[in-house]
Structures are given as C-alpha cells and as structure tokens.
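The model shown is predicted, which means the values in this text are computed figures rather than measured ones.
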Amino acid sequence: QVQLTESGGGLVQPGGSLKLSCAASGRTSSNYAMGWFRRAPGKERDFVASISGGGRIQYYTDSVKGRFTVSRDNAENTVSLQMNGLKPEDTAVYYCAGRFRATVSDNDNAYDFWGQGIQVTVSS
C-alpha cells in the first residue's frame, strides 16, 4: 500500500506562484507514474498533469501548459507541481495520485492510490 500526503497549498494572488509537494510512503516505487488532479467548487475532478515512472515524460492538460511543471525526486519519494501565473480559475482542491504502471494517464480511473487533497485559492 502507498500513502500520499500533499503540502504547499494556500492562498495566492492572481499571477502568483505556488509549489505543491506530494510525499509518498509505504510500498513506493520509482516505476509508478504519478499525477495531479483538481476539483473546483461544484465541478468534477479534472486532470492537471502526469509524470511517468522515472520522470522522462510529462503530460499536461491544455489549460496549464506553459504555467505548471510536474517533476519528481525518486530518491526522496516526492512529486511536485510548480504552478506559476496562477489564475482565479485554478482555484480548487488539488489531489496527488499514483498508479501501478509507469505510463502517464489523464484518466482518474487509471490511478490506484490518492492523497487527501489540498486547497489552492487564487484570489485578490
């Protein structure tokens, strides 16, 4: 079993930056692909970014391309999401997720373990 814990959320002004981190514990593996999803108020949970096991491939939803960067440190068992140029529409609860495969995916049904989520609010 793998446990995920997100950190780094909070309140930021439009145009600002935040870095989310996700720490994995338990039966971790650098071969597991990881992802970030988000749920805005009153909306479904949506895909944000994914990174392959090993970290060579990153995949983003169109709305965050050029603003968000997903990365991983396999030695530290962490995955990060650097968010720049934040917009009010980025306000959501952000979830870290992992899957028992190395390939990226934008489908939340493809993920096997999840964090509890962390709030990100973009507002002036």
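What you find for A24 and L4 is that their closest heavy atoms are CB-CD2, 3.7 Å. Scanning both residues, R56 and S52, for their nearest heavy atoms gives N-OG, 3.3 Å. What you find for E6 and Y94 is that their closest heavy atoms are OE2-O, 4.0 Å.
Residues passing the side chain to side chain donor-acceptor pair (under 3.5 Å) test with T103, sequence neighbours excluded: R99. In this structure, the ring-ring contact (aromatic ring centres under 6.0 Å, His included) partners of F37, at least two apart in sequence or on a different chain, are F47, Y111, W114. Take A49 and apply the side-chain contact (heavy atoms from CB on, under 4.5 Å) test, not counting sequence neighbours, and it matches Y60, V70, L81. Not a single side chain to side chain donor-acceptor pair (under 3.5 Å) links K87 to another residue, sequence neighbours left out. Residues passing the salt bridge (charged side-chain N to carboxylate O under 4.0 Å, His left out) test with R45 are D108, sequence neighbours excluded. For the side chain to side chain donor-acceptor pair (under 3.5 Å) test, residues two or more places apart in sequence or in another chain that qualify with N74 are R72. For T5, the side-chain contact (heavy atoms from CB on, under 4.5 Å) criterion is met by no residue, not counting sequence neighbours. Taking Q116 as the reference, nothing meets the side chain to side chain donor-acceptor pair (under 3.5 Å) condition, with sequence neighbours excluded. Scanning for salt bridge (charged side-chain N to carboxylate O under 4.0 Å, His left out) contacts around R38 gives D90, with sequence neighbours left out. With sequence neighbours excluded, the residues that form a side-chain contact (heavy atoms from CB on, under 4.5 Å) with A40 are K43, A92. Among residues two or more places apart in sequence or in another chain, the side-chain contact (heavy atoms from CB on, under 4.5 Å) test is passed with N109 by N107.
For E44, the CD atom sits in a loose shell: 12 or fewer heavy atoms of surrounding residues, nucleotides or ligands are nearer than 6.0 Å. Few gaps surround CD on Q3; more than 12 heavy atoms of other groups in view lie less than 6.0 Å from it. Dense packing is recorded around CZ of R39, with more than 12 heavy atoms of other residues, nucleotides or ligands lying under 6.0 Å away.
In the hydrophobic clustering of ILVMFWY residues, with side-chain heavy atoms under 4.5 Å counting as a link, F68 and Y59 come out apart. Residue L86 is not grouped with residue V93 when hydrophobic side chains (ILVMFWY) are merged at heavy-atom distances under 4.5 angstrom, including chains of intermediate members. The cluster map of Ile, Leu, Val, Met, Phe, Trp and Tyr, joined by side-chain heavy atoms under 4.5 Å apart, puts V122 and Y95 in different clusters. When the side chains of ILVMFWY residues are joined at heavy-atom separations under 4.5 Å, either directly or via intervening members, V2 and I118 end up in a single hydrophobic cluster. With hydrophobic clusters built from ILVMFWY side chains whose heavy atoms lie under 4.5 angstrom apart, V104 does not share a cluster with V48.
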Show which side-chain atoms of residues 10-23 pair as donor or acceptor with protein atoms under 3.5 Å away, not counting sequence neighbours.
residue : atom : partner : partner atom : Å
S17     : OG   : N84     : OD1          : 2.9

Does the pair Q119 and T121 meet the rule for a side chain to side chain donor-acceptor pair (under 3.5 Å), with working shown? CA-CA 6 Å; Q119 179 70 45; T121 302; 3.3 Å; yes
Tell me, with the steps shown, if V79 and W36 meet side-chain contact (heavy atoms from CB on, under 4.5 Å). CA-CA 9 Å; V79 178; W36 287 95; 3.6 Å; yes
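Of the inter-residue distances, the one linking D46 atom CG with S63 atom OG reads 8.0 Å to the nearest 0.5 angstrom. Distance check, rounded to the nearest 0.5 Å: CG of N77 to CE of M34 gives 9.5 Å.
With hydrogens and angles ignored, the 3.5 Å screen pairs a side-chain donor or acceptor of T91 with a backbone N or O of P88.
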